[in-house]
Amino acid sequence: MKLRLQITKESGIRFISHLEYLKTLEKAIRRARIPVAYSQGFNPHMKFSLASALSVGVTSRCEFLEIYLREKRPLAGLVEDLRHNLPMGIHIIRADLADDKAPKLMAAAAGASYHVIIPCGADPASAIAAYEAAESAPYTKHHGKAKGKEKNKVIDAKAYIPAVSYTWNGETLELDFDIRITPTGSMKASEFLELLSGSFGLPLALTRADIARTDLYGEDANGHKRPLISEEEAIKD
Amino acid sequence: MHKDLPIDILSAVEKPARYTGMEFGSIVKPEEETDVSFCLAFPDTYEIGMSYLGFKILYAALNGVRGVQAERVFAPWVDMESQMRERGIPLSSLETSRVLGDFDLIGFTLLYEMSYSNILNMLDMGKVPLWARDRQIDDAFVCAGGPCVFNSEPLADFLDFCMLGDGEHIILEVTEAYRAWKKEGKPGGREEFLHRIARIQGVYVPSFYMVRYHENGTVAEVRPRYEEVPPVVYKRVEKDINDLDYPTHPIVPYGDTVHDRIMLELFRGCSRGCRFCNAGMIYRPVRERRPEVAMQLARELVPATGYNEISMFSLSTADYSCLEPLVRDLLQEFREDKVSVSLPSLRIDSFSVKLAQEVQAVRKSGLTFAPEAGSQRMRDVINKGVTEQNLLDAVSAAFESGWSQVKLYFMIGLPTETDEDVLAIAHLAQAVQWQYKKITGHYGARVTVSVSNFVPKPYTPFQWVGQNTKEEFDRKHMLLKNAFASMKNIHFQYHDSRTSLMEGVLARGDRRLSKAIYRAWEKGARFDGWTEYFSFDTWKEAIQEAGLTMDFYNSRARDENERFPWEHTSCGVSRAFLYREYEKAREAILTHDCRRSTCTGCGVCQKLGVRIIDWKGKEK
Ligand code: SF4
């Protein structure tokens, strides 16, 4: 059995790193005395995983945690025990139990939704229209250096983010968009903002971007969004 | 302090999670239920402060009292400081973003001298007047505790009061006294409150004492200004630590701290009597926790924290009377939970190595030993009581059990040291390396030699000695560098002499140094314990501008009868004992450990009405 949870990373703790978030969950699982399975071997480690790493500074309502159990327990009790042992800033939104063999949630993730609040000094209408109308929007991903050479990769943002909706009140811009997750990669919300600012002339205060991941979803056969943890059997907060 | 810190600042600084709090176990009480707010301030980074047991103990003790809210603040790293100053954001607590200056009490941990400039900086950033005499009735009281509090004189002008010794009760008594004084409408001004707490054993109010100096700069007299103020303040000492509350539900930080694990304190004090060691004097006598109490604490700590490692914590853990059975019981008890046990320091014997082997299933890292000095004579001078054979036996045991990396700690600049003694460090390291060959049949042991510079500390038998000068330290470093240059696989590291010399000034300083610390801070001194930020020139200038010289404090040898600036704040160890030890040192005569033998006459037990608590042979 595995316990699958949709949890949050809220504003107050948005700056803890992915690794710190993982370690925090590991300790919470131990405090909650969840009957978690361990790997075999000399240095056994707890069997759990988190779908799709979140950038530092981004809040989320859709972190997906999968914990492999060594024994069966009722869902309600597990959720209750874990709930009491999470620090401020992490809450459980939805949970279910699945078979060990069920595919990893990460593998099922087809896209993520973002909501961004960012100061913007000019009417964004034309810039965003230009992005949407563009056939392609090349963006250079910086992968740092490898063997002394810059290891960059040019991607087409439109392949990941076809559409954007927005509101603007004269000072602050609010953006909503979905980013596709493909087997060969994805794009970060912050990279998209950089592109809008750099290539489409949108005067964004990039360092002050308040980025929230609002959803991480799968896709059904028709290409429609499907929740990673289905609502029917789940316990909801 | 996250409430005031915008996204762009937090994303621009290193390790932003240092500043955002909200950890599991942190405590926030409603404002309307808070009578007294106490800010526990640590004058270094979050990662270091959160690893300090005393800090956890006080946080739990204070927050355990209804109406008292204890919060935390750490020194913001330089990148954060510049961001905050640029935007006029004051330093505030992690729990409720309360600005430092709005607290009732602020208590600094004095863990090492090189953090003093950070204290001033934190007060300044927190809108607290720096000089105690400038604080008004509604300003916070600034106090201090921790190991360096036995000579707090260099900070005397900045501190309203100090708390000496074990903290768990004294801090509550002070806090209650504050609550009463506040409720009464703060009668008699700040002075009145200080008078009230000066009656509590262990509380020292620097401004209640006047210091007179001889023409040559040494102290002539330290006299209380008021009759009811004691001429000597003795530390507070808890008779039996089994009766004390332990922080069984400590804060669990998100990120990595220096000790990101359970800290299980086994005993306080150490009476091995190493003559350079300040901790070995100020925490006397040895008081052990009963093994069943330690076990019970572990049973509470594991589920309360979620850590999977328990570190057995004490000044010299291997001396704990019931270490072996306790380690075994712990491993047994938590087998299911995959909790491991670790020993922070190893004694130089094969017993320690065997135990380390037992607890460390995987050879993660090398083993560390501290012979402290290279030659036998030198080790006898410092009363280390370890022979070359002891060390070789210990490393043999380590090599036999599969370790191939050993780290050895030494000091240079010890009293009576000759070049021969210094070079003996290299010979000893080589002997350790050769031992590996003898045991395993091949070369390739990795030996790291780490050499620090001796700093004479108050309340040690070496409080009379002159520290080596910069030239002497640097020459000795060169001697060793040359010696190690021809040795393969020995990695030699040493500390910068300038930091040690400045530490030497502050450690045995008097209250005239307050001015120098202030000047150094004004000139930008911060994080002096971090080599990349320490500026010797800044301090040199500051000391000069205060009309003082470094040599007077660090390299000057003291007369037998010189009165020290710190003697009115006492840990209970008698001056006569310390001087006797100094004389024995010069003759290289050893003094035994009183822990399981006869009293050697340091005077603590008689003076403070306490005794050694040790469970050797008295188990259960
Ligand atoms: S007074 Fe005697 S027994 Fe007590 S700590 Fe000192 S030397 Fe040991």
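Because only heavy atoms are used, hydrogens play no part in the values below, and waters and symmetry mates are left out as well, while side chains stay in. Please read these numbers as outputs of a predicted model, since none were measured by experiment.
Contact tally against chain A (heavy-atom pairs below 4.5 Å) for B/Asn308, B/Asp260, B/Val252: the top residue is B/Asn308. Heavy-atom pairs under 4.5 Å with chain B peak, among A/Arg31, A/Met88, A/Arg30, at A/Arg31.
For A/Tyr38, the part lying under 4.5 angstrom from a heavy atom of chain B is the side chain only. Contacts of A/Leu86 with chain B are made by backbone atoms alone, with heavy-atom separations under 4.5 Å and no side-chain atom involved. Residue A/His45: no heavy atom, backbone or side chain, is found under 4.5 Å from chain B. Neither the backbone nor the side chain of A/Ala32 has a heavy atom closer than 4.5 Å to any heavy atom of chain B. Contacts between A/Arg33 and chain B at a heavy-atom distance below 4.5 Å involve the side chain alone, from C-beta outward.
Both the sub-6.0 Å distance and the 45° axial angle are not jointly satisfied by A/Lys27 relative to the ring of B/Phe24.
Residue B/Glu23 comes nearest to B/Leu94 through the heavy atom pair OE2-CD1, 4.2 Å, listed as atom of the first residue, atom of the second, then distance.
In this model, a donor atom of one side chain and an acceptor atom of the other lie less than 3.5 Å apart for B/Thr96 and B/Glu71. Side-chain contact, B/Gln69 with B/Thr34: no donor N or O sits under 3.5 Å from an acceptor N or O. Of the N and O atoms on the side chains of B/Tyr59 and B/Glu95, at least one donor lies less than 3.5 Å from an acceptor on the other residue.
Below 4.5 Å, heavy atoms of chain A meet heavy atoms from B/Val302, B/Pro303, B/Ala304, B/Thr305, all part of residues 295-305 of chain B.
For NZ of B/Lys338, the number of neighbouring non-hydrogen atoms (other residues, nucleotides, ligands) closer than 6.0 Å is greater than 12. Within a 6.0 Å sphere centred on NZ of B/Lys354, heavy atoms belonging to other residues, nucleotides or ligands number 12 at most.
Taking the centre of each ring, B/Tyr254 and B/Tyr46 stay at or above the 6.0 Å mark.
B/Phe55 meets the ring-ring contact (aromatic ring centres under 6.0 Å, His included) test with B/Phe42, B/Phe74; sequence neighbours excluded.
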